[in-house]
Every structure is written in C-alpha cells, then in structure tokens.
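Any value given below was found using the heavy atoms of this structure, including those in side chains, with hydrogens, waters and symmetry copies removed. These numbers were taken from a predicted model, which means no experiment stands behind them.
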Amino acid sequence: TLVVAGVALLLSISTVHAQTWSPPIGIPMPSFGIVETAPPSPSPWTVPTTGFYYVDASSAAATDSSNPLGTPARPRETIPTQIPAGSVVELHGIYDIPHESPRTIFANGTKTAPVYIRGASASTKPLIRMGWEVKGSYVILENLEFGPNGQSNTGFLVFLSPLNHAALRHSHLHGNLSDGGMGVQSWNGQFNNDVVIWDNNIHDNGDVNATFDQDRMGIHVGLNVSNVWVLDNQLYRNSGDGIQINAGTAADITKTNHIYVGRNTAYGNKQTGFWVKHATDVIFSQNVCRSHRLGNSSNGQCMGFQYAPNYIWFLFNNISDSDYGIAAQSDSGGVGTESFYIGNVIYNIHPSWGTVDPGNSWASSGI
C-alpha cells in the first residue's frame, strides 16, 4: 500500500503549481525553467500584435507572405527561424515543417525577456510530426506534442549547442518504430548549459521489440553539456534507455557534468531506465524504476553505469521488478572511481530465467 501511494504521489507531482515546486533530495534548484510564465495571448487577437506569433500550418488561411506575426484569422504557416527576445510563438494544429539545418530555430531570449514556443494550453497541444533543432538562449518550449506521421516521419527534439537556459515542460514525445525522443547535444564543439526537462511524457520512441540494439533513447544527454535537470518525467517503452548520459569517450567525461535526474518514473524500456556511460557529477534522486528485463541489448538493469564515470550518486530511488537493481559494469578504459548509494529501496529483483547462480559475478542482484 505504501509503495502504491508513493508512486501515485510521484505521478501527481506535476499538478502542483510551479511556485510551490521544490527539487528532489540532493538536487539544486535550477535558475531558469520552472517558475517562468508566458505572457497572456492578446484578447481579442484580431490584429497582428508585436511580440506574438500565431502559427497554424493546417489552416487554409495560413501564409507567411506579408504576414510576419499572424493572427487566428490569418495564421503564419511556419515558425520563424530567428525569434526575438520576449516573443511568444503560439502553435496550433498539425505542424509538418522540419526545423533541422538549415531551418534550425534560434531563440534570442534574455533572462528578463525569455522566448516561448508553446501550445495554447496543456489540453490543446499542437502535433509536431517532423524533427526540430533549437539553439539560442532563455527559451521555454511547453504544451507541445512531438509524434509520428505513420512510419515515414516522426517529431523529435534536439536542444543543440550553442544553447543556454532552455526548458521543455508539460509536453509529450512519442515516435514511430524507427525514431523519436529528444537529445541535449553538441555536434559542433560548442556548449549547452542550464537545460531543464520537466514534467513530460516520453515514450514509445523506436521499436521496443527490435531484434537488434536500436539505441533510441527517450532522452540522450551528450558531449559538452553541463547543468541539466531532468525532473518529474515519465520515461517508458523506449527502444534504448529511458535516459542515457554519455560524453562519448573516457577522455571527455568532465565535458558532460552536473546532470541532475530526479523524481522521474521509468519502466519497460528496452535497455534500462537510467544509465551513465561517460560523465562526471551525476545525481539520480527519488526516481521510481521498474520492469526492466533481460533482452538482446540489455541485461535488465533498472539503473547504473559503465565505462567508469566519476561521482555518480544514487539517492533514495525506488527500484523493483527487474533483473538488476543498480549495476556498475565494465570500466573499459575509464578513469572514474567514485560512486555513492544512499537510501535506495530495491526489491523484487530476480533473473528473467528464474535461477540465481551465487558463484557468478554477473548474477542477478540488487546492487
């Protein structure tokens, strides 16, 4: 009964108003991305209004021609690729415009004048069916749905360097059998920092029944990324890890650092719920993780690491119904030596094949 009640509390945490929200144990409060609120849309919105973009590509009246801002009666067809500080982009309907290079979205927000790209409300999310790359500063994406257009295309999101102070919140990401999910990435040697991923539903990205190691993560945190908060999300049935944190090589473990993963729920992913490869200073706190089982690309670990990252903390997580609870595996050239396990509750850990071999160092275990 206590376990059920605890899970219910975790699942309902996102309904708490942002002003009363507090971070999980051992995780600092982010400086941006939780408490900010978009300014209200014009009412009535009958004429173009500076600072507000109305976009609805599915409207028969939509056009970008001589229409820099848009209104509900005459929407823009596309999101501008350069968005000025303080702007609000309100997106409606089905959106099939790709925003990968050369149409990457660049948000020019500031601390006092962030950029918002948003659905009108949590109950009226637009459906985005192509990939987005977002760069810039002080930008919040909220009330969005990234989903598939059959098996041909799907929506996905990449927070791409150079980027600082960005948030994705109150959104839904689900892909097709080939692709989907989101990443915080640097492909150009520049840096990402201060990113918040809060209160999102991220699931069914890739084929969880694939007969090969597909590696479609719910969330991937890559090289040259620091100060990332992954909070109060649902991560399930992804064809990879729920979240994987990986700079890519042992030589780069300090270039991906201070990644805070707290109060998320992960289950049924093809690999693991929460996993680190190459990184430094990662905290997993108060997460619920269950139902990860042996397959063709995983030993059925709920959470853990490999390749010897450094200063990895497991705090007060609830872990169950998997082949392994927390696994530390294969240093393989890595240099990290410090990891910490405090206050975790680990139960119903047993091998998929039903037999425990206590003489085998790879045997199913809590830790």
Side-chain angles (χ1 to χ4, degrees), residues 14 17-18 32-100 103-147 149 155-159 163 165-173 182 196-201:
S14 65
H17 192 275
F32 176 83
I34 299 291
V35 301
E36 291 77 13
T37 303
S41 301
S43 181
W45 198 342
T46 54
V47 297
T49 305
T50 300
F52 290 89
Y53 297 82
Y54 193 99
V55 181
D56 184 355
S58 56
S59 168
T63 180
D64 291 347
S65 179
S66 302
N67 191 25
L69 297 173
T71 64
R74 189 169 181 255
R76 279 186 59 86
E77 187 173 8
T78 68
I79 297 171
T81 56
Q82 292 283 339
I83 305 177
S87 298
V88 178
V89 177
E90 190 172 293
L91 183 61
H92 293 261
I94 294 175
Y95 192 74
D96 285 339
I97 311 300
H99 282 286
E100 298 175 88
R103 291 189 52 81
T104 300
I105 295 170
F106 203 102
N108 298 281
T110 67
K111 184 175 183 178
T112 56
V115 166
Y116 292 86
I117 304 172
R118 65 193 308 267
S121 70
S123 61
T124 55
K125 296 179 176 70
L127 176 59
I128 299 154
R129 303 195 300 187
M130 296 293 284
W132 284 16
E133 296 172 351
V134 177
K135 299 182 179 182
S137 59
Y138 289 97
V139 54
I140 293 175
L141 280 62
E142 62 182 5
N143 302 334
L144 304 175
E145 179 177 359
F146 292 82
N149 184 5
F156 61 85
L157 173 65
V158 181
F159 278 145
L163 179 128
H165 298 90
L168 173 72
R169 61 193 197 187
H170 319 318
S171 294
H172 188 187
L173 292 89
M182 73 166 298
V196 169
I197 303 169
W198 173 43
D199 182 37
N200 303 288
N201 192 348

Report yes if some heavy atom in the side chain of [X] is under 4.5 Å from a heavy atom in the side chain of [Y]; otherwise report no.
| X | Y | value |
| --- | --- | --- |
| Pro75 | His92 | no |
| Ile128 | His99 | no |
| Phe159 | Leu157 | yes |
| Ser41 | Val88 | no |
| Thr71 | Pro48 | yes |
| Leu168 | Leu173 | yes |
| Pro42 | Phe52 | yes |

Of the non-hydrogen atoms in [X] and [Y], which two are nearest, and what is the gap between them?
| X | Y | result |
| --- | --- | --- |
| Gly119 | Leu144 | N-CD2, 3.6 Å |
| Ser58 | Ile94 | OG-N, 3.6 Å |
| Glu142 | Arg169 | OE1-NE, 2.8 Å |
| Trp132 | Ile97 | NE1-O, 4.0 Å |
| Arg118 | Asn143 | NH2-ND2, 3.6 Å |
| Asn108 | Val115 | N-CG2, 4.1 Å |

Please work out which of the three classes, parallel, tilted or perpendicular, describes the rings of Trp45 and Tyr54, given edges at 30° and 60°.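 If you compare the ring of Tyr54 with that of Trp45, the planes turn out perpendicular.
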
For [X] and [Y], indicate whether the former's side chain and the latter's backbone hold a donor-acceptor pair under 3.5 Å.
| X | Y | result |
| --- | --- | --- |
| Tyr53 | Ile117 | no |
| Ser59 | Ala57 | no |
| Asn200 | His172 | no |
| Arg76 | Asn67 | yes |

Pair Ile140, Phe32 - check side chain to side chain contact (heavy atoms under 4.5 Å, CB included), show working. CA-CA 9 Å; Ile140 293 175; Phe32 176 83; 3.7 Å; yes

Do His170 and Asp199 have side-chain N/O donor and acceptor atoms under 3.5 Å apart?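 There is such a pair between these side chains.
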
Can a side-chain donor-acceptor contact be found between Thr63 and Ser65 if the only test is distance below 3.5 angstrom?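 There is no such pair between these side chains.
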
Ion pair present between Asp96 and Arg129, side-chain N to carboxylate O less than 4.0 angstrom?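 Yes, Asp96 and Arg129 are salt-bridged.
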
What's the separation between atom [atom1] in [X] and atom [atom2] in [Y], rounded to the nearest 0.5 Å?
| X | Y | atom1 | atom2 | answer |
| --- | --- | --- | --- | --- |
| Lys125 | Leu91 | NZ | CG | 13.0 Å |
| Tyr116 | Ile83 | OH | CD1 | 13.5 Å |
| Arg103 | Ile79 | CZ | CD1 | 9.0 Å |

